[in-house]
Number of protein chains: 2
Amino acid sequence: MMFSKACEYGIRAAVYIALQSLDNRRVSVTEIAEEIDSPVAFTAKILQQLTRNNIVHSVKGPTGGFEIDREAMDTVKLSKIVKAIDGDKIYMGCGLGLKECNADRPCPLHDKFVDIRTDLRTMLQNTSLYELATGLEVGLTYLKR
Amino acid sequence: MMFSKACEYGIRAAVYIALQSLDNRRVSVTEIAEEIDSPVAFTAKILQQLTRNNIVHSVKGPTGGFEIDREAMDTVKLSKIVKAIDGDKIYMGCGLGLKECNADRPCPLHDKFVDIRTDLRTMLQNTSLYELATGLEVGLTYLKR
DNA sequence: TATTATTCGGACAAAAATGTCCTTTATTAA
DNA sequence: TTAATAAAGGACATTTTTGTCCGAATAATA
Ligand code: FES
Ligand code: FES
């Protein structure tokens with residue numbers, strides 16, 4: 001809807017990894033997919049993207065897996081994940097699908113759309129993984145249903 | 001991104017039809033597709049949906065085409081078009097892709113996401129075709145680039 | 001009535017997104 | 001040094017979305 005499936009899985013995975021990293025636990029793709037209720041192999045693909053973009057850190061071999069250091073949990077905002085996976089259409093694109101969003105030649109929905117899009121961007125830019133992980137930790141929020 | 005391509009075309013088409021209906025001009029799919037820069041046959045499919053949902057009115061045969069009566073331009077809000085084409089995932093769905101959005105068992109992004117989603121819904125519910133068509137009429141906005 | 005212009009509807013095609021499988025590479029530990 | 005474990009990466013498969021084509025139905029008009 002708003003984000004692609006890949007992006008949804010990516011965010012859920014990152015939040016789960018962050019949560020476990022708070023306990024210094026490294027987690028495998030299998031565990032992640034289990035905990036966020038996502039297809040394993042597809043999730044693995046998405047984790048590769050997150051790794052390449054330095055959003056999570058991966059370690060190969062036995063005792064390996066994914067982790068996020070405490071500092072990154074604060075500096076990595078959702079906007080970075082969304083951009084890594086879905087690109088910046090969501091930040092730049094025209095709501096009615098014109099080739100580009102341009103205030104000098106706006107579509108009929110431009111003004112109203114830009115308001116919402118800006119709020120969304122701001123929200124994503126201000127939301128850190130740490131913030132999301134702590135709600136989970138306390139048991140107030142969930143990553144699957 | 002936010003809306004499907006089909007939905008984007010649907011809104012642009014509806015706005016264009018509204019604009020022309022203000023002059024009592026009925027328009028053909030060919031003309032619409034031309035003016036909103038969309039694939040003709042695909043646009044035709046979408047117009048069928050709009051017709052079935054009583055968003056636009058169609059007339060077959062020579063001198064036929066699509067039109068919207070002046071009253072409908074006010075009563076038809078964007079929310080109706082979006083719902084007809086994309087369904088109500090955009091209004092109901094969880095931002096992180098959980099099976100349903102549920103405040104009693106929220107995902108980590110729930111609160112922040114609901115704010116944005118509500119603003120979006122409100123905006124769509126308050127925006128009429130007439131409103132969008134008039135900006136076009138005056139030459140302040142555009143349907144293609 | 002025949003012709004023509006138009007939407008409607010179904011079947012098909014292409015492209016993109018989602019998802020799977022299997023081999024390779026790195027690393028650990030016995 | 002070998003076996004086992006985990007991520008990386010490429011090829012492939014499925015599903016959904018986007019887009020095309022064509023014949024049927026409808027209505028105006030000559
Ligand atoms: S031009 Fe359409 S949203 Fe800016
Ligand atoms: S549960 Fe995720 S947005 Fe409400």
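Lettering of chains follows the sequences in order, A, B, ..., and the numbering in each one begins at 1.
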Does the pair B/Y91 and B/L124 meet the rule for a side-chain contact (heavy atoms from CB on, under 4.5 Å), with working shown?
CA-CA 10 Å; B/Y91 303 123; B/L124 294 174; 3.6 Å; yes
Counting C-beta onward and ignoring hydrogens, is there a side-chain heavy-atom pair between [X] and [Y] closer than 4.5 Å?
| X | Y | value |
| --- | --- | --- |
| A/L132 | A/L136 | no |
| B/L109 | A/M123 | yes |
| B/T51 | B/F66 | yes |

For [X], check side chain to side chain contact (heavy atoms under 4.5 Å, CB included) against everything at least two apart and list the hits.
| X | value |
| --- | --- |
| B/R25 | B/Y16, B/Q20, B/D23, B/V27, B/E31 |
| B/D119 | A/I116, A/D119 |
| A/E34 | A/K144 |
| A/E131 | A/T127, A/S128, B/K112 |

In sequence, state the C-alpha distance, the side-chain angles, and the governing distance for A/L98 and B/R12, and then conclude on side-chain contact (heavy atoms from CB on, under 4.5 Å).
CA-CA 10 Å; A/L98 302 199; B/R12 305 222 300 270; 3.7 Å; yes
Using atom types as modelled and distance alone, determine if a side-chain donor or acceptor of B/S21 lies under 3.5 Å from a backbone N or O of B/I68.
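It does hold such a pair.
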Do B/I85 and B/Y9 pass the side-chain contact (heavy atoms from CB on, under 4.5 Å) test, and can you show the C-alpha distance, the side-chain angles, and the key distance before you say yes or no?
CA-CA 10 Å; B/I85 300 180; B/Y9 295 149; over 6 Å; no
In residues 40-49 of chain B, what donor-acceptor pairs under 3.5 Å come from side-chain atoms, sequence neighbours left out?
from: B/T43; atom 1: OG1; to: B/S38; atom 2: OG; distance (Å): 2.6
from: B/T43; atom 1: OG1; to: B/P39; atom 2: O; distance (Å): 2.6
from: B/Q48; atom 1: OE1; to: B/R52; atom 2: NH2; distance (Å): 3.3

Chain B on DNA chain D: first and last contacting nucleotide, 5' to 3', under 4.0 Å to a heavy atom?
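Range of nucleotides touched by chain B: D/dT18 to D/dA28.
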Looking at residues at least two apart in the chain, or sitting in another chain, which of them share a side chain to side chain donor-acceptor pair (under 3.5 Å) with A/N126?
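Per chain and number, A/N126 pairs via side chain to side chain donor-acceptor pair (under 3.5 Å) with no residue.
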Residue pair B/E67, B/V59: steps toward the side-chain contact (heavy atoms from CB on, under 4.5 Å) verdict:
CA-CA 8 Å; B/E67 64 193 0; B/V59 179; 4.0 Å; yes
Quiz: residues 73-81 of chain B side-chain donor-acceptor pairs under 3.5 angstrom, not counting sequence neighbours:
from: B/D74; atom 1: OD2; to: B/R70; atom 2: NH1; distance (Å): 2.9
from: B/T75; atom 1: OG1; to: B/E71; atom 2: O; distance (Å): 3.4
from: B/T75; atom 1: OG1; to: B/A72; atom 2: O; distance (Å): 3.4
from: B/K77; atom 1: NZ; to: B/D74; atom 2: O; distance (Å): 3.1

Grab the N/O contacts between the protein and nucleotides 17-22 of chain C below 3.5 Å, and write none if there aren't any.
from: C/dT18; atom 1: OP1; to: A/K5; atom 2: N; distance (Å): 3.1
from: C/dG19; atom 1: OP2; to: A/Y9; atom 2: OH; distance (Å): 3.1
from: C/dT20; atom 1: O4; to: A/K45; atom 2: NZ; distance (Å): 3.4

Identify, residue by residue, the members of residues 21-29 of chain A with a heavy atom below 4.0 Å from DNA chain D, and return them in order of residue number, or none.
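By residue number: A/V27, A/S28, A/V29.
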Neighbours of DNA chain D within residues 46-59 of chain B, by heavy-atom distance under 4.0 Å
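Those residues: none at all.
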Expressed in angstrom and rounded to an integer, what is the separation of B/K60 atom NZ from C/dT6 atom C1'?
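Taking atom C1' of C/dT6 as the reference, NZ of B/K60 is at 9 Å.
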Could you write out DNA chain D as dot-bracket? Rules: Watson-Crick or G-U wobble, both distances under 3.5 Å, brackets [ ] for crossings, | for pairs with another strand, dot for unpaired.
||||||||||||||||||||||||||||||
